[in-house]
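Numbers here simply count residues along the sequence, with the first being 1.
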Amino acid sequence: MAIKIIKPGRKKIPIYGAKCGYCECEFEFNKEDFKVRCDLDYQFGQIECPHCTSTVTFSNRPKRYSIVK
């Protein structure tokens with residue numbers, strides 16, 4: 001038996017956000033844009049600020065989700 005989709009679903013894409021501690025630039029980005037880092041008990045992300053190029057460390061939980069068809 002072949003699989004038949006009756007009603008296609010929607011895909012949720014996580015959108016992350018951060019604020020630069022140096023220049024206070026606030027920006028959003030996708031998972032492909034940052035590096036995941038790990039400490040002993042904590043996982044976090046690091047990204048370069050698009051305004052001043054400082055390294056910004058943030059909690060890598062999504063800020064919101066974008067829904068695409």
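- Distance check: Lys63 NZ to Ile15 CD1 gives 10.0 Å after rounding to the nearest 0.5 Å.
- Closest approach of Pro14 and Asn30 over heavy atoms only: O-OD1, 4.0 Å.
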task: Begin from the C-alpha positions of Thr57 and Gln46 and carry the test side chain to side chain donor-acceptor pair (under 3.5 Å) through to its verdict.
output: CA-CA 5 Å; Thr57 302; Gln46 286 186 323; 3.2 Å; yes
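- Residues Cys20 and Cys52 are in side-chain contact: their nearest non-hydrogen atoms beyond the backbone lie under 4.5 Å apart.
- A search for side-chain hydrogen bond (donor to acceptor under 3.5 Å, both in side chains) contacts involving Gln43 returns nothing, not counting sequence neighbours.
- Atom CD of Glu48 and atom CG of Asp33 lie 11.5 Å apart (nearest 0.5 Å).
- Within the model, atoms CZ of Arg37 and OG1 of Thr55 stand 9.0 Å from one another, a figure rounded to the nearest 0.5 Å.
- Rounded to the nearest 0.5 Å, atoms SG (Cys49) and NZ (Lys19) are 11.5 Å apart.
- Taken from CD in Glu26 to NE2 in His51, the straight-line distance is 13.0 Å, to the nearest 0.5 Å.
- At most 12 heavy atoms of other shown residues, nucleotides or ligands fall within 6.0 angstrom of atom CZ in Arg61.
- No continuous path of hydrophobic side-chain contacts links Val36 to Tyr42 [ILVMFWY only; heavy atoms under 4.5 Å].
- Taking each heavy atom of Tyr16 and Pro62 in turn, the nearest pair found is CE2-N, 3.6 Å.
- Here OG of Ser66 is found 11.0 Å from CZ of Arg10. Values are rounded to the nearest 0.5 Å.
- Screening Phe34, Phe44, Phe27 for a ring pair (Phe, Tyr, Trp, His ring centres under 6.0 Å) involving Phe58 leaves a single residue, Phe34.
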